[in-house]
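Notes follow once the structure below has been shown.
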Amino acid sequence: MSLIDKTFSPADFEQRIYARWEAEGAFRPSRPDAQPFTIIIPPPNVTGSLHIGHALDNSLQDVLIRYHRLRGRDARWVVGTDHAGIATQMVVERQLAESTQGTTRQAMGRAAFLETVWDWKRTSGDTITRQLRRLGASCDWAHERFTMDDGFNIAVTRVFVQLYNEGLLYRDKRLVNWDPKLKTAISDLEVETREVAGTFTHIRYPLADGVTLASGADHIIVATTRPETMLGDTAVAVNAGDARYQSVIGKYVRLPITGRLIPIVADDHADPELGSGAVKITPAHDFNDFEVGKRHAMVPINIFDADARIIAADGIPADYVGMDRFDARKKVVADLDVLGLVALIEAKTIQMPYGDRSGVVVEPWLTDQWYVNAAELAKPAMEAVRSGATQFVPKTWEKTYFNWMENIQPWCVSRQLWWGHQIPAWYGPDGQCFVAESEADAQALAGNLALVRDEDVLDTWFSSALWPFATLGWPDDTADLARHYPGDVLVTGFDIIFFWVARMMMQGLHFMDGEVPFKTVYCHGLVRDAKGAKMSKSKGNTVDPLVLIDKYGADALRFTLTAMESQGRDIKLDEKRVEGYRNFATKLWNAARFCEANGIAASTSPVPPAAGHAVNRWIIGEVAATAAGLDAAIAAFRFDAYADTIYQFVWNRFCDWYLELTKPLLAEGGDAAVAAETRAVTGWALDQILVMLHPVMPFLTEELWHKLGQREGDLIVAAWPDAAALPTDATASADIEWLIGLISEVRSARMELNVPPGAKLGYSVEGASPVVVSRLAGHAAAIAWLARITPAPAPFGGTRLQLVHAEATYALPLEGVIDLAAERARLEKARAAAEKERDALAGRLNSPGFVEKAKPEAIEKARADHEARSAEAERLGAALARLG
RNA sequence: GGGCGCGUAGCUCAGCGGUAGAGCACUGCCUUCACACGGCAGGGGUCACAGGUUCAAACCCUGUCGCGCCCA
C-alpha cells in the first residue's frame, strides 16, 4: 500500500491513470452478455481544439458512460472526428496564403491541395482527441472513426446513390445562398440574418409609351435596399386591387440605365400598404422575386459572377462590367441621380443575410445544385418524436424541432469546395447525368459516352447525418450495428438541433429500416463567461478548458460543468466554482488520508460489513439514500442534482459527521470490536463514495481506489452500489439525527455566549425520555468529543446556560462567568421563534377548510409540528423563568 | 411579426402546491492530533409586479414590466 501524499496534486496522476485505462482496454471491457449502453459522440472537427463547450458536452457524456459502465452495462462511447469541409478548407487556405510562398488552392490544383489538407489533418488531427483524453473522456478509441475514412466514404456514396435512385435527391436550378467569398453555395442554416444600418432608395421608373398613373404621374416609384439589382429587374409588380396602378397593369416601364422595357404585372407579392405599393422584381437575385418571376413566366437575368461582380448581361452598360456589387450600388445610385430619378434615400435598419463562416453578405444566385427532398424525409423524423421513439430532454426542444421540420425547405447539399466527399455523379458531353457508386458503374450506365465527374463535394452535415450508423459499419450488416443502434442518448448543444440532430433523424430512419438513431436527445445550453456574455475570441473572454485542467485538475472542471448543468440552461462559468470543486477534491483526498492513517483500508466486498453500532448502521443507510438519489438524478438527466447529491454526502455527512462521530470509537482504549467494525464500515463507505463520485471525478477516485489497498481491478470497472439491496435502519437514523441535532444546539449556544471553544462543561438534563437517556449514555463519547460536554448532575437553577432539544432541557453551569443578559436574550429569541411557528401552525389548523380539505399527511404533520413547537416554547419559557 | 425561455439571499443558480435552499461572497471565533483549498457558529430573501384559482401559491392560471434566444 502506498501512502497518500499530504498534498492533492491532480497533475501528478491524471495522465498516468488515463494511459493505464486506455492500455488495459478499460473503456470497453468485454461484456458480451451485458445490456449495451451506447452514446455516439458529436464528432469534433478534426483540426479543431477543445473549447469549453466541448468540455461540457463531453463531461456530461462521460458521466453517463461511466455511470452505466459501473452499473455493469456494455457501455460504448463511439468516437471519431469530422472532416468539417468549409472550416478545414478555410484553415488550410489561410495557411497557404500566409505561407512564404503565398499560394492559393487554385494555383496548386485540386490534387495537390487535397494532399496538403490531408497532411494538415495528419499533423494536427490528433490535437482534439488528445485533449479529450486530458478531460478524461472514456471513449472507445480502439474503434475511432473519421467522416472521410474508407468505410465512411462507402456509406456516403451509398446514401447519395440510393436517395438519388429513390428520387429523394436531385439536381435543380434555383436560387441558392451564394457565398461570394468562399465561392460556394451554402444551406439556409449557414446563413445568419443580421440587422444592419442601411438605406432604402426610392427610384422613379419612367412609364413607357406615354401612359400615366391615376394620379397623372409619368413614373412609378419603387424602393429598394439593393439599388444595384435593378440592373437585373424583369418587371415591376403592383397589387391587382391597388387603385393607384389599375391603369398601368400590363403596360411597361423603361428600366433606367439599361434601357430595357419591363412589364408591370399584378401580383400579390406587392403590398399596397408598404411604401409606394409597387415593387421591382429581380428574379435572379431575390428569393421572393424568384417566385414572382416563376408565376409570370419571366426569364431571370443574372447580373453577377461567382465573386458577385457585375457581368455583361442584357442592357448593362460596359462601364459596369467587372465592378464589385457594392461599388456597382454606388454607381447605380449616382447614375440615377444624374438622371433625376432618385426620389428619396432614407436611412433604415435592414435585415441582411451573412455567411456564418465567411462573414460576407450572401447573394441569392441562380445555379445548378444538388438538393435533398428534406420535406419527405422529415415526415418519419417528426413522427418518431411524436410517438416518443425519440425523446428530447428537456422536452421544450421538441417544439423547436417540429417548428423547423414543418417548414423545412429542400436541403442544398452540394458545395463548391474541394475538401469533402466528391459527389458521385458523372456527366456526358451533353450534360446527361449518371449517378453511381463508382466511375465504372457510371460508365456502365452511360455506355460509350465520355464522362466527367461532378467537381463539387457534399455538405459536411450530409456525412455527419450518417454518423450514428456509418460509425458502426453500415452499409455492411455488422454485429456492432445490431448491438449499438439505436444509441441510448445523444448529448449535444441545442444550437445544432437543425444542423445535425434533425438530419440524423431523417437519415437514420430512412436507412435503418425506420429505427431512430437514438432514444433520447439531451440538449444542453451554451457556456458563457461569468457575466453571461457569449464567449468569443474577438471579445477575449474565452476560457480554455486545458488551462483550467492544468490549474485545478480535470476532475474539478468536470465537476463544475456537471454541477452547473441544469437541463438546458446556459452556463455562466466562473472560475471560482472550479476552484471550489478543486477544494472539494482536496477535502476527499484528505479524508482518505485520515482513513489510511487510522488503519482503514479498502473493503473486500461490495456488501456492507455487518454493523451493530448506530453510527455505522446510519452511514450505511446514508450511502443507500445517496445511491438512490444519484440513480434518480441520472434517470432524470439532472446532472446538477447528481453533483449536488454526492457533494453533500461526501462533505456534509461523511466528512463532517461520520468521520467526526467515529473518532471516539477508534480511540485507544475503546471497544476493540466496535473499532474493528467501524474501520470496516468506514472503508466500505469510502469505497462507495469513490464509486459514486467516479463518473464525475474519475481521476481522483481511481487514484484513491488504489492508494487505499490492493484491488482486483480498476475502479472504472467496479460495481455500482445497489441502493435497494442496502440495509437501512430507521431507528439508527433517528438516533444519529438526534445526536447531530443536540451537538449542533450545544455548539450554537456555546458560540452565542462566547464560551471558549476548548472549555469542557458538565451538563444536567431534565425532561429526557427513556430513549434520550439511553442515547445520551450510548453517545457520551461523541458528545464529549464534539460538543465538549459531559454529564455532571447538578440542581437546575442559578447561572447556567440552558438549551432545549427534543423535549429535553439541558443546563450547563458556567462557573459564574455567564452573561445573564446575553443568555436571556438568546432564550427569548429562541422562544419567540418557537412561538411564532407554533402560532402559525395553530392558525393553519384552526383555519376553516384545512382540516376538512387538506391531505391527511399534511394535517398530521401540522399537528405534530404544532405540538413540538408548543412544548419547546414552554420549556424555553421555563428556562427563562429559572434565570430570574 | 411568430415561437421559446428567464426574472428567488450581494453573485451564480436549485426548488415548481404544504413552515424559503445550495455554492461562492460576507461576519465572528478557532493554527482542536485528515484537511486554513480547513473547522465551528452566524447575518442576509415582502421568491419582478398586479389580479385570479385553492383550506394553502415562489410553485397553477391571466395580465403587466424587464432581460435573453430562435425563426420569419
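A, B, ... follow the sequence lines: proteins, then strands. Residue 1 opens every chain. Predicted model, so just to flag it, every value in this text is computed and none were measured.
The CG atom of A:D5 sits 14 Å away from the P atom of B:C35 (whole-angstrom rounding). As rounded to whole Å, 17 Å separates atom C1' of B:C13 from atom CZ of A:F639. B:G18 atom P lies 17 Å from atom CD of A:E837, rounded to whole Å. For the pair A:Y401 OH and B:G3 P, the interatomic distance rounds to 22 Å; values are reported in whole Å. Rounded to an integer number of Å, the gap from A:I859 CD1 to B:U19 P is 14 Å. Taking atom CG of residue A:D271 and atom P of nucleotide B:G1, one finds them 15 Å apart after rounding to whole Å. In this structure, the CZ atom of A:R863 is 17 Å from the C1' atom of B:U19, given to the nearest Å.
A:E579 has no carboxylate O lying under 4.0 Å from a charged side-chain N of A:K551, or vice versa, which leaves the two without a salt bridge. A salt bridge links A:D640 with A:R638: at least one charged nitrogen is closer than 4.0 Å to a carboxylate oxygen. A salt bridge does not link A:E828 to A:R826: none of the charged nitrogens lies less than 4.0 Å from a carboxylate oxygen. A salt bridge links A:E398 with A:K395: the closest approach of a Lys/Arg side-chain nitrogen to an acidic carboxylate oxygen falls below 4.0 angstrom. Between A:E291 and A:R174, none of the side-chain N atoms (NZ, or NE/NH1/NH2) sits under 4.0 Å from a carboxylate O, so this pair counts as no salt bridge. Salt-bridge annotation for A:E660 and A:K663: present, with a side-chain N of the basic residue lying under 4.0 Å from a carboxylate O of the acidic one.
For B:A14, the OP1/OP2 oxygens have a side-chain nitrogen or oxygen of A:S566 closer than 4.0 Å. Close to B:G42, at under 4.0 Å from its OP1 or OP2, lies a side-chain N or O of A:S748.
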Would you write the dot-bracket representation of RNA chain B, where each base gets (, ), [, ], | or . depending on whether it forms a Watson-Crick or G-U pair under 3.5 Å and with which partner?
((((((((.[[[[.)..(..]]]].(((((.......))))).....[[[[[..)....]]]]]))))))).

Can you pull every protein N or O that's under 3.5 Å from an N or O on nucleotides 66-71 of chain B?
none

So which protein nitrogen or oxygen atoms get under 3.5 Å of nucleotides 30-34 of chain B's nitrogens or oxygens?
unit_1 : atom_1 : unit_2 : atom_2 : d
B:A34  : O2'    : A:R593 : NH1    : 3.0
B:A34  : N7     : A:K663 : NZ     : 3.3
B:A34  : N6     : A:C655 : O      : 3.4
B:A34  : N6     : A:E660 : OE2    : 3.1
B:A34  : N3     : A:N590 : O      : 3.2
B:A34  : N3     : A:A591 : N      : 3.2

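Under the 4.5 Å side-chain criterion, counting only non-hydrogen atoms from C-beta, A:L845 is in contact with A:F850. Considering only heavy atoms from C-beta on, A:S870 comes within 4.5 Å of A:H866 through its side chain.
The ring-ring contact (aromatic ring centres under 6.0 Å, His included) with A:F392 is formed by just one residue from the set A:Y401, A:F494, A:Y522, A:F637; it is A:Y401. Applying the ring-ring contact (aromatic ring centres under 6.0 Å, His included) test between A:W404 and each of A:W411, A:W397, A:F499, A:F498 identifies A:F498 as the sole match. Of the listed residues (A:E807, A:E835, A:E874, A:E837), just one forms a salt bridge (Lys or Arg N to Asp or Glu O under 4.0 Å) with A:R869, and that residue is A:E837.
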For nucleotides 23-28 of chain B, give me one character per nucleotide, 5' to 3': B if any protein heavy atom sits under 4.0 Å from the base, S if the only such contacts are to the sugar-phosphate, - if neither.
SSS--B

Please list, one pair per line, the donor and acceptor atoms closer than 3.5 Å that link side chains of residues 745-754 of chain A to other protein atoms, with sequence neighbours excluded.
unit_1 : atom_1 : unit_2 : atom_2 : d
A:R747 : NE     : A:L786 : O      : 3.3
A:R750 : NH1    : A:A759 : O      : 3.1
A:R750 : NH1    : A:A787 : O      : 3.1
A:R750 : NH1    : A:R788 : O      : 3.1
A:R750 : NH2    : A:P756 : O      : 3.1
A:R750 : NH2    : A:P757 : O      : 3.2
A:R750 : NH2    : A:A759 : O      : 2.6

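Using a 4.0 Å heavy-atom cutoff across all strands shown, A:K551 reaches no nucleic acid atom at all. Note on A:R638: only backbone sugar-phosphate atoms sit closer than 4.0 angstrom, heavy atoms only; bases stay farther off.
Counting non-hydrogen atoms of other residues, nucleotides and ligands closer than 6.0 Å to CD of A:E867 gives a total of 12 or fewer. Around CZ of A:R194, the count of heavy atoms belonging to other residues, nucleotides or ligands within 6.0 Å exceeds 12.
Residues of residues 847-855 of chain A that place a heavy atom closer than 4.0 Å to RNA chain B, in numerical order, are A:S847, A:P848, A:G849, A:F850, A:K853, A:A854, A:K855.
The gap from the C1' atom of B:C47 to that of B:G15 amounts to 10 Å, rounded to the nearest Å.
Of all nucleotides listed (B:C4, B:A14, B:U19), B:U19 comes nearest to the side chain of A:K861.
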Test side chain to side chain contact (heavy atoms under 4.5 Å, CB included) applied to A:V623 and A:F654, step by step
CA-CA 9 Å; A:V623 167; A:F654 184 76; over 6 Å; no

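Taking CD1 of A:I52 as the start and CG of A:D57 as the end, the distance is 12.0 Å to the nearest 0.5 Å.
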